[in-house]
Structures are given as structure tokens and as C-alpha cells.
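We name chains A, B, ... by the order of the sequence lines, and we start the count at 1 in each one.
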Amino acid sequence: MTSLAWLIPAALFLGLLGLAAFLWALKNGQFEDLEGAGWRAIDDAPPGPQGKSKPEPD
Amino acid sequence: MEGAVTEARIAAPAADTAAPVPARETHIFTAPEIMCGGCLKTIESTLADTPGVLNARANLSARRVTVTLDPAITSPELVIAAIKGAGFSAAPLIDGRDEVHAARVSELMPRVGVAGFAAANIMLLSVSVWSGHASDMDDSMKTLFHWISALIALPAIAYAGQPFFKSAYAALSARRLNMDVPISLGITLATAMSFAQTMRGTDHVYFDAAAMLVFFLLIGRLLDESMRARTRSAAENLMSLKALTATILDKDGSVRQIPSRNLEPGMTMIIAAGERIAADGIVIDGTSEIDESLITGETLPKVVSRGTRVHAGTLNAASPLRVETTATEDNTLLAELSRLMLAGEQTRGRYVRLADRAARLYAPAVHLLGLSTLIGWLVTGHGWEIALTNAIAVLIITCPCALALAVPAVQVAAISRLFGQGVLVKAADGLERLSEVDTIVFDKTGTLSLGEPSLALDQPIDADVLARAAGLAVMSRHPYAQAMVRAARGRGIAFEPQLGVAESPGSGLSMATPEGEERLGSALFTGVTVTDPRQAASLWYARPGRAAIGFRFEDRLRSDAPDTIAALQAAGYQIEILSGDRPDAVADAATALGVALFKGGVRPDEKLARLAALKQQGRIALMVGDGLNDAPALAAGHASMSPSAAADISQNAADAVFQGEKLGAVVETLKVARRAHRMALENFGIAILYNIAFVPMAVMGYVTPLLAAIAMSTSSILVTGNALRLRSMKLKLDRVAGKQE
């Protein structure tokens with residue numbers, strides 16, 4: 001029974017970790033385009049001009 | 001010395017970046033042709049190569065592109081041009097409203113996450129306790145598990161249950177009852193009692209039921225909300241694409257394009273032939289013909305010249321115009337229309353949704369049942385504790401989980417089915433109101449008909465003549481001329497575009513030939529005297545030395561309009577046509593469609609009056625219309641629909657917007673709406689059956705937390721499963737149980 005003393009907190013901690021990950025993903029707009037995300041995953045080309053990765057003109 | 005050099009080196013680039021901090025603007029564009037992953041890539045890489053674009057992200061679900069750009073280098077107009085260059089149509093999103101709505105959806109989402117986390121973990125602990133009943137779990141361990149449950153449940157419910165609490169509070173402070181009142185009461189009581197029981201170390205702990213209740217209900221609400229957000233965003237995409245831009249002539253003689261919402265009174269617009277006028281104004285230069293069908297329903301173009309007032313949304317048919325914009329306030333037509341719309345909305349009144357009507361009956365019954373349980377147990381001498389526990393168990397069991405999911409689940413299934421068929425149901429209670437309709441009032445121009453003239457089929461026209469006339473007509477953007485060209489193409493007649501065609505605005509086209517002048521235009525222009533007044537609108541083709549040939553045009557009905565009307569009549573709907581067009585044109589259409597009740601030349605306020613009269617007769621009217629002149633009637637009808645080509649105001653006023661050429665969408669919408677209504681009632685039936693089964697047990701004190709959890713989830717799943725059937729079900733239009741005439 002003493003194992004419960006750390007098993008329950010561990011389980012709750014892991015659960016909270018999952019919840020935190022979900023909330024983070026939500027805040028970062030990971031769910032904004034669920035259809036598009038599927039397509040982007042099978043796109044072979046290097047990541048497109050998302051964010052700052054646009055090449056600087058020289 | 002060396003130190004100074006390095007310092008200078010570091011300082012230089014820093015100063016460089018500090019001075020021209022690139023200004024950033026984020027714009028959202030709608031691009032409805034984004035259909036696959038390839039489109040995302042094409043658009044994003046095209047925009048990446050566009051100078052001044054800092055970041056571009058296409059969204060496949062929303063069919064939108066978000067672009068961050070440097071306003072010093074580029075502009076939204078250039079970005080649109082770039083997207084169009086890649087082969088997609090695009091338009092700036094009408095901003096504002098979308099953000100508000102998206103925020104509400106994302107407000108529910110984290111709550112669903114928290115409620116789900118709480119429900120799952122508490123259930124884990126509860127299952128241990130329940131199985132502990134059969135094995136050897138001692139009381140201290142049970143109490144510990146209950147305390148941990150409480151620790152999770154209290155903050156989670158306080159956070160996740162807020163949408164219900166707020167809505168219930170709002171309803172109560174307005175002295176009304178809605179579904180959220182019994183829900184909030186159930187959740188609060190279950191939590192509070194469980195906490196009290198936990199402190200005393202007894203068995204009746206319902207944290208799992210409370211958390212699960214919040215979780216299920218939030219999912220229902222989220223689905224409802226996100227479906228609505230999706231239809232609304234699709235409707236906004238449609239409107240954005242139609243939004244007008246105006247070409248402005250500045251005082252210094254320069255010409256630029258601006259969106260119509262940025263227009264101010266006193267600006268000079270240049271309106272090319274075939275363009276829609278972006279704002280109300282007065283013609284200051286030029287003579288042309290204006291197609292006002294979207295405003296008045298009138299299909300015949302009107303001649304305008306210097307000093308004539310023109311309205312936003314009308315089409316310049318013939319030749320370029322210069323128009324000075326006027327303030328919207330002093331525009332009598334629009335002001336009049338908005339006044340009428342306001343009046344229309346008031347006559348519609350406040351609609352009470354089905355779920356809330358159910359709550360009005362249900363909530364008092366539940367509270368009474370709880371109270372009588374309490375009194376019953378007290379009277380039979382069981383003491384406060386047991387009486388209170390059982391009374392609260394009754395409230396938890398009756399907490400309308402299934403009842404609150406019954407309607408939203410059906411609505412989501414129905415709206416998503418219609419969405420797939422190109423019908424956007426915008427109003428939250430639109431589907432419910434559509435299901436009650438027994439009379440349908442159609443506008444003619446643009447609703448029953450296509451809203452553009454086409455060559456009447458009932459006249460013998462020689463192919464050579466048509467080819468010749470089309471050769472002239474192809475040089476003009478006048479609706480009649482374009483209809484000529486379409487007719488020639490449609491019959492597979494080859495024609496050669498003629499050179500040297502001159503256009504006289506408001507009159508017609510002329511071309512000099514060796515034999516003399518050929519003319520295509522109005523009767524006056526071609527020198528024809530008209531005896532039959534119905535021929536007045538026609539186009540005449542005069543060649544030197546030969547009798548002039550007249551062409552009649554008609555506003556052709558949508559291809560499936562007769563079938564649609566027949567189907568609606570067969571189902572018992574009373575059909576009426578009210579149009580602003582000429583009475584004879586309306587009569588023709590009504591005869592072709594077999595509609596007995598029709599009226600032409602109807603003004604917007606007369607449409608309102610007719611709807612009010614119908615209401616007095618006890619009829620529930622659906623208004624289907626597209627023009628600005630229909631907007632008040634759309635607002636006043638019990639329910640309303642618009643084709644997607646409708647004027648902005650009308651689309652805003654309509655409960656549902658249908659896309660495409662087919663009028664059959666109206667039938668489909670009514671089918672789904674009526675079926676959805678039936679299913680909502682079915683779901684209520686399921687929920688009530690569940691209550692009949694479990695409430696007696698609760699009243700008698702046999703409900704354990706385990707039983708409550710099982711009963712609650714099965715009824716929710718049953719109700720949702722029943723609703724999902726609507727997505728793939730075959731439907732037929734049920735007969736209206738209308739009153740006899």
C-alpha cells in the first residue's frame with residue numbers, strides 16, 4: 001500500500017504534464033489547421049516559409 | 001584604440017537595424033480555392049518570393065491565408081495580385097467579427113482539456129474505491145482517495161464549469177430559466193455535497209459524476225460552437241470575395257484602388273463598364289445604364305447621366321462613369337431600408353429555443369421532485385442527513401446531461417450535413433425556426449431566376465442574324481449584349497468580333513459598313529416604332545435596307561426552380577412570389593412555375609406588410625430573397641434564406657445562405673431542419689425514458705455514485721449516437737401539417 005504514496009502523485013503528475021502539453025499546443029495554434037497539417041506532414045520539400053525561415057536576400 | 005574600433009563595428013549594424021525597424025502588418029485573406037496540400041505550398045512559396053512579404057501561412061481548413069507584410073514595400077493589393085498570379089482567387093477578409101468568434105471557441109477548448117483531465121483521474125480513483133467495496137480497501141484509504149478526488153475536482157469544476165455558471169446567472173438575473181440553470185445547480189450541489197460527505201468520511205461522493213457531467217456538456221457545447229464558427233467563417237469568406245473595391249481619382253489626378261469600406265464622402269470614383277458601384281453617390285460625368293436588379297428586383301437597366309443618384313451594389317452596364325460619393329446617412333434608400341429592417345426584426349420577436357422551452361418545463365419539475373424527496377424522507381423519520389443525501393442524489397440523476405446534449409448534438413449533425421451541401425446555417429436558432437415553416441415567400445429576380453437577362457427561347461431567330469449581331473455585341477459589356485453573345489455561344493454559332501463598333505451609352509452599338517450603318521440597340525436608336533409595350537425593353541438589330549429584327553430577353557428561371565416549387569407544393573407548403581420587378585414579368589414567372597399567389601412591383605415596406613398579414617393569418621413564413629429590397633422582409637420572416645449571390649445586407653439578415661445555381665437547396669434545408677426537429681424530440685424522449693428508469697431509484701435512496709456515473713454516461717452516449725445518424729440518413733420532405741385554407 002505504501003507504493004501508492006508515490007504512485008498516485010506520479011500518475012497525477014504525468015496527467016498534468018499531458019494537460020500542460022495540450023494547453024501549450026492549443027495556445028500555439030497547433031490545432032488551427034487540422035486538414036492542412038496532414039498535408040504538410042507528407043510534403044517532401046524542406047519546410048516552407050513558415051515563421052522567420054525566409055531566406056535573407058543578399 | 002583597438003577597443004574603439006570594435007565598438008564602432010558593433011555599433012554600426014545595431015544602428016542600422018534600429019533605424020528602419022521594418023513595420024509589420026498582418027492581413028488575412030480568403031482564398032476559397034485552397035483545396036489540397038499542394039495549394040498550400042504553391043501559395044506559400046509564391047508569397048515567399050514576393051518582395052515585402054515577411055511571413056505567409058495558408059490555412060486549408062479555413063481556406064484563408066495569413067500574411068505578415070512590410071507596408072513600406074508592399075500592400076494588401078499587391079499580395080492579392082500575387083496570389084491571383086498563382087492561380088487562386090483571393091480577397092481581403094472583412095475584418096473584426098471573425099476574431100471575436102474564434103476567441104470564444106478557444107475559450108471553451110482549454111476548459112474541455114481541464115475537465116477531461118479531471119474526469120479521467122477522478123474516475124480512476126473512483127473505480128478503485130468501487131472495487132474496494134468488493135475487496136479489502138479500508139475506510140482510511142477510501143477517505144484518502146475521496147480527498148484526492150476533491151483536490152482535483154474542486155478547482156477543475158470551478159474553472160471548467162464557468163460557461164454554464166455564467167449563462168445560468170445571466171438567465172436568472174433576467175428572471176428566466178434556461179437549460180444551464182438546472183445544470184449549474186446539479187453540478188454545484190453534487191460538488192458541495194460530495195465535499196461535505198468527504199469531510200465526514202461517508203460513501204456518497206459524486207465528484208466523478210460532476211466532473212464527467214462538465215466534460216460531456218463542454219464537448220457538446222464545443223462541437224456546437226465550432227460548427228457554427230466554421231459556417232460563419234465560410235459565410236464571411238463568401239462576403240469578402242464579393243466585397244467591392246473602388247477606383248479612386250485623387251485631387252492630384254492619380255488613380256488608386258481602395259476597399260469600399262474605406263471610402264469617404266466627396267471622393268471621386270471611376271466606374272468602368274461591367275463594374276459594381278462601391279458606394280452611393282451622384283454621377284458627375286458620363287452617361288450609362290445601371291442594372292439595379294440587386295436593389296429593386298427590376299431587371300431592366302436604368303439610364304443615368306450627370307446628376308443622377310446611384311446606389312452601392314448596382315452594376316454599371318454600359319460605359320465608364322465618374323461618381324462622387326455621398327454620405328450614407330443622407331441616402332434615403334439605404335436609410336429607409338435599415339429602418340424597415342429594424343422594424344422587421346422587432347416583428348419577428350424573441351424566439352425561445354427548443355432546449356430552453358424544455359428547461360422551462362423541466363427545471364421546476366426537477367426542483368419539486370428533489371424537494372418532495374427531501375420532505376418524504378424527513379416525514380418518514382429518517383433524519384436530515386439521509387433525506388438530504390437522497391434529495392441531492394435525485395438532483396444529480398435528473399441533471400439534464402442528456403437533455404442538454406439532445407438538441408446541440410442534433411444541430412451539429414444537421415448543420416454539418418447542410419454545410420457539405422453548400423448551405424450555411426448562420427443563425428443559432430435558424431434551423432429550429434426553419435423547421436416550423438408552412439409558407440414560403442420567394443423573391444423573383446436573382447432568387448427564382450438567375451438575375452441576368454438571357455435571350456428568350458420562344459422567338460424564331462436566324463442563326464446568321466444572331467452570329468452577325470453577336471459579333472457586334474461582343475464589343476460591349478451591356479447585360480443584353482452579353483446575353484446575345486452567350487446565346488450565340490450556347491447554340492454553337494461561330495461569330496467574328498467586328499471592328500469599328502461604336503457604343504452610345506444608353507442607346508446601343510453602331511458600326512459603319514459599306515452599305516450603311518448597322519445598329520444594335522434600343523428601339524429609338526434603331527428607328528423602330530414599338531406598338532407592343534412589352535417589347536420596349538428589347539434589343540433591336542437594324543441593317544440598312546432591311547427590316548429591323550427584335551430580340552426579346554427574359555430573366556431565365558433557375559434550372560430546377562419548377563421542380564423545387566412542385567416538390568414544395570406537393571409537401572403542402574403555401575408558395576407566394578413577391579417581387580419588385582414589373583408585374584407582367586412576375587406573372588410570367590409565376591405561371592411558368594404554377595404559383596397562384598404572386599404580386600409584382602412590390603416595394604420593400606409592402607413585402608413587410610404582406611409578411612405581417614401572413615403572420616396574422618397564423619402562417620409561419622420562410623422568406624427567400626436576395627436583393628437589398630428583400631432585406632427587411634428577410635429580417636421579418638420567421639425564417640429566411642438567401643442565395644450566396646445576394647446583396648451583403650440580405651446575406652447578413654438571412655438565417656441561411658445557399659451556394660450554387662440550384663434552388664433545390666431550399667428543399668434540402670427544409671428536409672434537414674424538419675428531421676432535426678423530430679430527432680431533437682426523439683432525443684428528449686430518450687432522456688426522459690432514462691429519467692423514468694432512474695429517478696424512482698434515486699427517490700427511494702438506492703442510487704450509488706457508481707450507478708449515477710453509469711446512468712449519466714450511457715444516456716449521453718445514446719443521445720449523441722442517435723444524433724449522428726442524421727449525417728448519413730436518407731431524407732424525404734414530410735408533409736406540412738398546415739392549416740386548411
Side-chain angles (χ1 to χ4, degrees), chain A, chain B residues 34-51 53-68 102 105-122 124-125 128 136-138 140-141 144-145 147-149 151-152 156 226:
Chain A
M1 279 296 186
T2 44
S3 54
L4 284 178
W6 62 271
L7 270 178
I8 291 176
L12 283 179
F13 173 73
L14 288 176
L16 278 173
L17 216 60
L19 180 65
F22 171 72
L23 293 179
W24 172 84
L26 199 63
K27 213 175 170 184
N28 272 269
Q30 299 291 323
F31 300 110
E32 255 164 37
D33 184 14
L34 292 175
E35 284 172 57
W39 284 96
R40 286 176 202 275
I42 56 167
D43 182 11
D44 282 336
Q50 316 157 7
K52 63 271 165 208
S53 60
K54 188 178 179 236
E56 291 292 324
D58 33 6
Chain B
I34 304 182
M35 290 299 191
C36 64
C39 314
L40 295 181
K41 240 191 104 189
T42 317
I43 288 186
E44 284 178 1
S45 51
T46 308
L47 287 176
D49 296 338
T50 309
V53 173
L54 303 172
N55 180 21
R57 180 90 177 167
N59 186 321
L60 180 61
S61 322
R63 312 237 192 282
R64 286 177 183 176
V65 188
T66 309
V67 179
T68 310
V105 172
S106 57
E107 186 204 320
L108 279 176
M109 204 57 185
R111 294 187 204 275
V112 172
V114 169
F117 164 80
N121 283 286
I122 297 171
L124 213 64
L125 295 164
S128 317
D136 58 347
M137 186 183 267
D138 59 24
S140 61
M141 187 61 78
L144 172 69
F145 275 27
W147 272 110
I148 299 173
S149 302
L151 205 68
I152 304 169
S226 53

*Asks:* Which answer fits B/C39, side chain, backbone, both or neither, if we ask what part of it has an atom under 4.5 Å from a heavy atom of chain A?
*Replies:* neither

*Asks:* Checking B/L144 against chain A: side chain, backbone, both or neither under 4.5 Å from a heavy atom?
*Replies:* neither

*Asks:* Compare every heavy atom of A/L19 with every heavy atom of B/V114, then report the nearest pair and how far apart it is.
*Replies:* N-CD1, 3.7 Å

*Asks:* Would A/L34 and B/L60 satisfy side-chain contact (heavy atoms from CB on, under 4.5 Å), going step by step from the backbone distance to the final call?
*Replies:* CA-CA 8 Å; A/L34 292 175; B/L60 180 61; over 6 Å; no

*Asks:* Counting heavy-atom pairs under 4.5 Å to chain A, which of B/G38, B/A58, B/A62 comes out on top?
*Replies:*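 Option with the top pair count is B/A58.
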
*Asks:* Under a 4.5 Å heavy-atom cutoff, which of A/G18, A/G15, A/A37 has the most pairs with chain B?
*Replies:*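 The option with the most such pairs is A/G15.
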
*Asks:* If I take atom CG from residue A/D33 and atom OG1 from residue B/T66, how far apart are they, to the nearest 0.5 angstrom?
*Replies:*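 Output value for this atom pair is 9.5 Å.
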
*Asks:* Chain A heavy atoms under 4.5 Å from B/I152: which part of the residue, side chain, backbone, both or neither?
*Replies:*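 Side chain only.
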
*Asks:* Is the CZ atom of A/F13 crowded by more than 12 outside heavy atoms at less than 6.0 Å?
*Replies:* no

*Asks:* Side chain, backbone, both or neither: which part of B/N121 has a non-hydrogen atom closer than 4.5 Å to chain A?
*Replies:* side chain

*Asks:* Which pair of non-hydrogen atoms, one from B/S61 and one from A/G36, has the smallest distance, and what is that distance?
*Replies:* OG-N, 4.4 Å

*Asks:* Looking at B/P110 and A/L23, what are the two nearest heavy atoms and their distance?
*Replies:*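 Closest pair (atom of B/P110, atom of A/L23, distance): CB-CD2, 3.4 Å.
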
*Asks:* Going through the checks in order, is the side-chain contact (heavy atoms from CB on, under 4.5 Å) test met by A/K27 and B/M109?
*Replies:* CA-CA 10 Å; A/K27 213 175 170 184; B/M109 204 57 185; over 6 Å; no

*Asks:* Working to the nearest 0.5 angstrom, can you tell me the gap between A/L12 CG and B/F117 CZ?
*Replies:*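 CZ of B/F117 is found 5.5 Å from CG of A/L12.
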
*Asks:* Under the side-chain contact (heavy atoms from CB on, under 4.5 Å) criterion, do B/K41 and A/W39 qualify, and how do the steps go?
*Replies:* CA-CA 10 Å; B/K41 240 191 104 189; A/W39 284 96; over 6 Å; no

*Asks:* Let me know if A/I8 has heavy atoms under 4.5 Å from chain B in its side chain, its backbone, both or neither.
*Replies:* side chain

